[in-house]
There are 2 protein chains.
Amino acid sequence: MEPIEIFKALSNESRLQILQWLKEPDRHFIPHEGIDMNTTGVCVSQITDKLKMTQSTASQYLTILLKAGLIKAERIGKYTYYKRDENAVEKIADILKKEI
Amino acid sequence: MEPIEIFKALSNESRLQILQWLKEPDRHFIPHEGIDMNTTGVCVSQITDKLKMTQSTASQYLTILLKAGLIKAERIGKYTYYKRDENAVEKIADILKKEI
DNA sequence: TTGACATATCGGAAAATAACGATATAATAA
DNA sequence: TTATTATATCGTTATTTTCCGATATGTCAA
């Protein structure tokens, strides 16, 4: 929970976009392999497609969001599913409100 | 109110520091020219001193916070006083909570 | 008007970030 | 086993950010 690291992660249009998509995954992605996107998350290729950037960039951005603690990752077979950590988003909003 | 611009402004240790100091100016600065720091603000040289960076850098960081809308400026004589815009800080916390 | 101080702005060097292509790794399918 | 697919990582170039010194501007005091 490093505020600076979190704000850096949020300082990029594409990463903000990803976070917003992951807020309501079924509004933004088509179902995949019978996975419940709300509980399990969305895989890298789906995000890559929507981002219209390379797989490399998408993967790196997801890692940045992950390290900032804003999303969680789960590997299932050859896919890695990422989903928002709602608690973390709440928490940083609270920190902003109380400590900054 | 550009979220990205605001998050960029918050992505720097020194600028976060300034914002936090300005939350309780009289805890962090000595009174100056009989000015009420809470209503009027704190001048650039006081912030420069505490920051331990050059006047140039301090002034630029204040401009970045100003353009992001996080602080307000008032020129009185040869001094420019900066103070937090509490409303703006609240607002970005709300945006974070609701829209991101 | 000149001098002294406070602040703003300009131009730059070094470090960090953005985004890519190429390649490595991991897991499944054939 | 080998081929294929999904993801991660590496190395790179272009851009942005950090922070500085030098200088310009603005304001007051003598």
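To find a chain, count down the sequence lines: A is the first, B the second, and so on, and within it residues start at 1.
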Over all heavy atoms of both residues, which pair between [X] and [Y] is shortest? Give the atoms and the distance, please.
| X | Y | value |
| --- | --- | --- |
| K83(B) | N38(B) | CD-O, 4.1 Å |
| T57(A) | M53(A) | CG2-SD, 3.8 Å |
| Y81(B) | G41(B) | CD2-O, 3.6 Å |

Expressed in angstrom and rounded to an integer, what is the separation of [X] atom [atom1] from [N] atom [atom2]?
| X | N | atom1 | atom2 | result |
| --- | --- | --- | --- | --- |
| E74(B) | dA8(C) | CD | P | 13 Å |
| I4(B) | dT16(D) | CD1 | C1' | 14 Å |
| L62(A) | dA6(D) | CG | P | 16 Å |
| I18(B) | dT7(C) | CD1 | P | 13 Å |
| F7(B) | dT17(C) | CZ | C1' | 18 Å |
| I71(B) | dT7(C) | CD1 | P | 13 Å |
| L65(A) | dT17(C) | CG | C1' | 14 Å |

Does Y82(B) have a side-chain nitrogen or oxygen under 4.0 Å from the phosphate oxygens OP1 or OP2 of dA8(C)?
yes

Grouping I, L, V, M, F, W and Y whenever their side-chain heavy atoms are under 4.5 Å apart, do L16(B) and L65(B) come out in a common cluster?
yes

Describe the nucleic acid contact of T80(A) in one word from base, sugar-phosphate, nothing, applying a heavy-atom distance below 4.0 Å.
sugar-phosphate

Close approaches to DNA chain D from residues 23-47 of chain B, in residue order (heavy atom, under 4.0 Å):
none

Approximate separation, where rounding is to 0.5 Å, of L62(B) CG and I18(B) CD1
5.0 Å

Calculate, to the nearest 0.5 Å, the distance between atoms CZ and CG belonging to R15(B) and L10(B) respectively.
8.5 Å

Tell me, please, which residues at least two apart from E86(B) pass salt bridge (charged side-chain N to carboxylate O under 4.0 Å, His left out).
R84(B)

Got a list of side-chain donor-acceptor pairs under 3.5 Å for residues 67-76 of chain A, not counting sequence neighbours?
from	atom 1	to	atom 2	distance (Å)
R75(A)	NE	G77(A)	O	3.1
R75(A)	NH2	K78(A)	O	3.3

Measure the angle between the two terminal helix axes of the helix from dT1(C)-dA30(D) to dA30(C)-dT1(D), five base pairs each, and quote it to 10°.
10°

Does S59(B) reach the main-chain N or O of Q55(B) with its side chain, forming a donor-acceptor pair under 3.5 Å?
no

What pairs with K97(A) under side-chain hydrogen bond (donor to acceptor under 3.5 Å, both in side chains), at least two apart in sequence or on another chain?
D94(B)

B/S/- contact track for nucleotides 17-30 of chain D, protein heavy atom under 4.0 Å:
SSBBBB----SS--

Once the angle between the rings of H32(B) and Y79(B) is folded into 0 to 90°, is it parallel (under 30°), tilted (30 to 60°) or perpendicular (over 60°)?
perpendicular

